[in-house]
Amino acid sequence: MREPRIRILFTVLYAGDEYTIQTFPGEYRDLKTLIEDKLYPEDFGQCGGMGRCATCMVEISSPDGYSGALRRNEATTLSRMSPKSGNIRLSCQVEIDSELANTLVSVLETI
Ligand code: FES
C-alpha cells in the first residue's frame, strides 16, 4: 500500500504580492528551485545553488519558529551579508520538508 504524500502549504511574499504555494517533500531540490519555478524572480540564484552569491536570500517566519538547519557554506555567506534577522536564509540551502509548512517566506531584495 502506498503511503499518502504529505502536502506542504506555505506563503511566499515577493514584490509586494503573496502567493500560496503547495508542494510535496522531494518535488523540488530546494526552496530556490521552487521559487524560481513558481515566481521567476529576476536575478535570483545567480550562483546556481552553490551557496555563494546570496542572491537567493529569503526571510522565513513562522508562529511556531522555523528551525531548519544551516547547510554547507550558508553561515559563511550570510555573515558577509550582515543579515538583520536570524530568520534570513539562502533559499538554495533550504530543503522542502514539513518545517516549511505554514511559514511566510519573504523573497529579499539583494541589490
Ligand atoms: S543561489 Fe547563490 S547563494 Fe543561493
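Only heavy atoms go into these numbers, but all of them, side chains included; no hydrogens, no water, no symmetry mates. The shown structure was predicted, so the numbers you read here are calculated from the model rather than taken from an experiment. Both counts, for ligands and for their atoms, begin at 1 and track the order of listing.
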Do you see an N/O/S atom of Cys53, backbone or side chain, under 2.8 Å from atom 4 (Fe) of ligand 1?
no
Of all the atoms in ligand 1, which lie at a distance below 4.0 Å from a heavy atom belonging to Lys32?
1 (S)
In ligand 1, which numbered atoms sit nearer than 4.0 Å to a non-hydrogen atom of Gly51?
3 (S)
Closer than 3.5 angstrom, by distance alone: can the side chain of Thr77 be matched with the main-chain N or O of Glu74 as a donor-acceptor pair?
no
With heavy atoms only and a cut-off of under 4.0 Å, state how Ala54 meets ligand 1: side chain, backbone, both or neither.
backbone
Check: Thr76/Asn73 side-chain N/O donor and acceptor closer than 3.5 Å:
no
Any donor-acceptor pair under 3.5 Å linking the side-chain atoms of Tyr28 with those of Asp37?
yes
Between Arg89 and Met57, is any pair of side-chain heavy atoms under 4.5 Å apart?
no
What I'd like to find out is whether the side chain of Leu31 reaches to under 4.5 Å of the side chain of Val105, using heavy atoms alone.
yes
Below 4.0 angstrom from a heavy atom of Gly49, which ligand 1 atoms are there? Numbered from 1 as shown, please.
1 (S)
So, is Cys92 placed with an N/O/S atom under 2.8 Å from atom 4 (Fe) of ligand 1, counting both backbone and side chain?
yes
Of all the atoms in ligand 1, which lie at a distance below 4.0 Å from a heavy atom belonging to Arg52?
3 (S)
Supply the members, apart from Leu13, of the Ile/Leu/Val/Met/Phe/Trp/Tyr cluster built from side-chain contacts under 4.5 Å; use none for a lone residue.
Leu104
